[in-house]
K.L.:
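Can you read through this structure? Questions will come right after.
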Number of protein chains: 2
Amino acid sequence: MSKVVTISEAASIAMHGMIIIARANKVTNVLEIAEATLTSKHHVAKVLQRLVKEGFLTSQRGPTGGFILKKEAKKINLLSIYEAIEGKIEISNCFLDKQICPFSMCFMNNITLDLTVKFKEYMETQTLDKYI
Amino acid sequence: MSKVVTISEAASIAMHGMIIIARANKVTNVLEIAEATLTSKHHVAKVLQRLVKEGFLTSQRGPTGGFILKKEAKKINLLSIYEAIEGKIEISNCFLDKQICPFSMCFMNNITLDLTVKFKEYMETQTLDKYI
DNA sequence: ATAATTTTGGTAATTGAATACACAAATGTA
DNA sequence: TACATTTGTGTATTCAATTACCAAAATTAT
Ligand code: FES
Ligand code: FES
């Protein structure tokens, strides 16, 4: 079994976590998110830390500490969260990194590009307020 | 920079290699394909062996040996080659392996499924004879 | 002040893909 | 027959990405 569209656990935690925090509407800590997503709290911590640095979350240490949205839910979409973790999505007509294809015409036509654009467009429409 | 649709070097070698062999219309060896695709001959050898086992190629040892199509180019499509290397493509509505999502409604809607189906459909239409 | 809690940041371990290697088996050529 | 060539098979190494862990810093509550 293989997958064409693969999303890393890190990106999954980021998106699920942001929705959980948006819904909670209060300071939420690593453990709560790790339990809800059934993932390692270590991994959750690392991902949330990244989201703090990228300006999506405000963190609060100590007891009662945790994370809370820095911007309005309406102004945060899934694409920006995804790209904060994975890096900007590359729009290219073929799948090879370097142009080392021996063929003059790519057998993937523009299917890779089409799918990537569709993915981006969808993700961009999905703002967090839709999930509250 | 990240990619949504990723294809391993192994799958790339398989598809490019099959097209090269189909075009050559004669016994083609590992080295020729490695040079054409600018990849390691070891990796090419490993991939082609797999394609022999899966019934796509016939191999011939010794001097003047190499690989040649076992079936008509018209009857081989890119999907079957891809799946021979990567395993059958999984059609699922979400990207998570296990159903451990904490939400009742997946925020990916059916975008993952849609894209995967589109990919499969395209790959299935691409028979090798189109590239000769 | 002290203790408990939680984030932070650096490091370690794991995984999987890609690559490299060695030797056996087969086959054509001289 | 002897030799060179090429695939077949198994294993080993390398490499990068992902995931896991741990100790320090910060903060709240008692
Ligand atoms: S990369 Fe070779 S055909 Fe697109
Ligand atoms: S996996 Fe959680 S929303 Fe789809």
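The sequence lines fix the lettering, A, B, ..., with proteins before strands; numbering per chain opens at 1. The structure presented is a predicted model; accordingly, all values stated were derived computationally and were not measured.
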K.L.:
Does the side chain of B/His16 come within less than 4.5 Å of B/Ile33's, by heavy atoms?
P.N.:
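Side chain of B/Ile33 against side chain of B/His16, heavy atoms only: no contact under 4.5 Å found.
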K.L.:
If you check every side-chain atom of A/Lys53, which of D/dC21, C/dG9, D/dT28 has the closest atom?
P.N.:
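Selected nucleotide: C/dG9.
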K.L.:
Is there a path from A/Ile89 to A/Ile81 through hydrophobic residues (I, L, V, M, F, W, Y) whose side chains come within less than 4.5 Å of each other?
P.N.:
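Result: yes, single cluster for both.
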K.L.:
Find which nucleotide of DNA chain D each of A/Thr64 and A/Lys46 is nearest to by heavy atoms, and output the residue with the more 5' nucleotide.
P.N.:
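In this pair, the answer is A/Lys46.
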K.L.:
Name the one of A/Asn110, A/Ile91, A/Val5 that satisfies side-chain contact (heavy atoms from CB on, under 4.5 Å) with A/Thr116?
P.N.:
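Running side-chain contact (heavy atoms from CB on, under 4.5 Å) over A/Asn110, A/Ile91, A/Val5 with A/Thr116 returns exactly one hit, A/Ile91.
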K.L.:
What is the distance, rounded to the nearest whole Å, between atom CZ of A/Arg50 and atom P of C/dG10?
P.N.:
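Result: 14 Å.
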K.L.:
What integer distance in Å separates A/Glu35:CD from C/dT6:P?
P.N.:
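Whole-Å distance recorded here is 11 Å.
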K.L.:
Is B/Arg50 paired with B/Glu54 through a side-chain N to carboxylate O contact shorter than 4.0 Å?
P.N.:
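Salt bridge flag = yes for B/Arg50 with B/Glu54.
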K.L.:
Among D/dT6, C/dG9, D/dA20, which is the nearest nucleotide to the side chain of B/Asn29?
P.N.:
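Minimum distance to the B/Asn29 side chain belongs to D/dT6.
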K.L.:
Return the nearest nucleotide to the side chain of B/His43; candidates are D/dT7, C/dA18, D/dA25.
P.N.:
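Comparing D/dT7, C/dA18, D/dA25 against the side chain of B/His43, the answer is C/dA18.
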K.L.:
Report yes if at least one side-chain N or O of A/Gln49 is closer than 4.0 Å to OP1 or OP2 of C/dG9; otherwise report no.
P.N.:
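So the side chain of A/Gln49 is within the cut-off, an N or O lying under 4.0 Å from OP1 or OP2 of C/dG9.
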K.L.:
Mind calculating the distance between CZ (A/Arg61) and P (C/dT6) to the nearest angstrom?
P.N.:
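That distance rounds to 14 Å.
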K.L.:
Base, sugar-phosphate, or nothing for A/Ala10, non-hydrogen atoms under 4.0 angstrom?
P.N.:
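Touches sugar-phosphate only.
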K.L.:
Taking side chain as C-beta onward, heavy atoms only, is A/Val52 less than 4.5 Å from A/Lys70?
P.N.:
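Contact flag for A/Val52/A/Lys70 side chains = no.
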K.L.:
From the set C/dA4, C/dA20, C/dA18, return the single nucleotide nearest to any side-chain atom of A/Pro63.
P.N.:
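The nucleotide sitting nearest to the side chain is C/dA4.
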K.L.:
Counting just side-chain N and O atoms, does B/Gln60 come under 4.0 Å of either OP1 or OP2 of C/dG28?
P.N.:
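Yes, such a contact exists.
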K.L.:
Name the residue closer to the 5' end of DNA chain D, choosing between A/Gly65 and A/Glu9 according to the nucleotide with the nearest heavy atom.
P.N.:
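That would be A/Glu9.
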K.L.:
Ignoring backbone atoms, establish whether A/His42 has a side-chain N or O less than 4.0 Å from OP1 or OP2 of D/dC21.
P.N.:
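Checking A/His42 against D/dC21: at least one side-chain N or O falls below 4.0 Å of OP1 or OP2.
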K.L.:
With a cut-off of less than 4.0 Å, is there a side-chain N or O of A/Ser40 near OP1 or OP2 of D/dA20?
P.N.:
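Answer yes for this pair, as a side-chain N or O of A/Ser40 is under 4.0 Å from OP1 or OP2.
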K.L.:
To the nearest Å, give me how far apart NZ (A/Lys41) and P (D/dC21) are.
P.N.:
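Result: 9 Å.
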K.L.:
Output yes when at least one side-chain N/O atom of A/Ser59 is less than 4.0 Å from OP1 or OP2 of C/dT8, else no.
P.N.:
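For A/Ser59, the contact criterion (side-chain N or O under 4.0 Å from OP1 or OP2 of C/dT8) is met.
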K.L.:
A/Ile13 has an atom CD1; how far is it from atom P of D/dA17, in whole Å?
P.N.:
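Distance check: A/Ile13 CD1 to D/dA17 P gives 19 Å.
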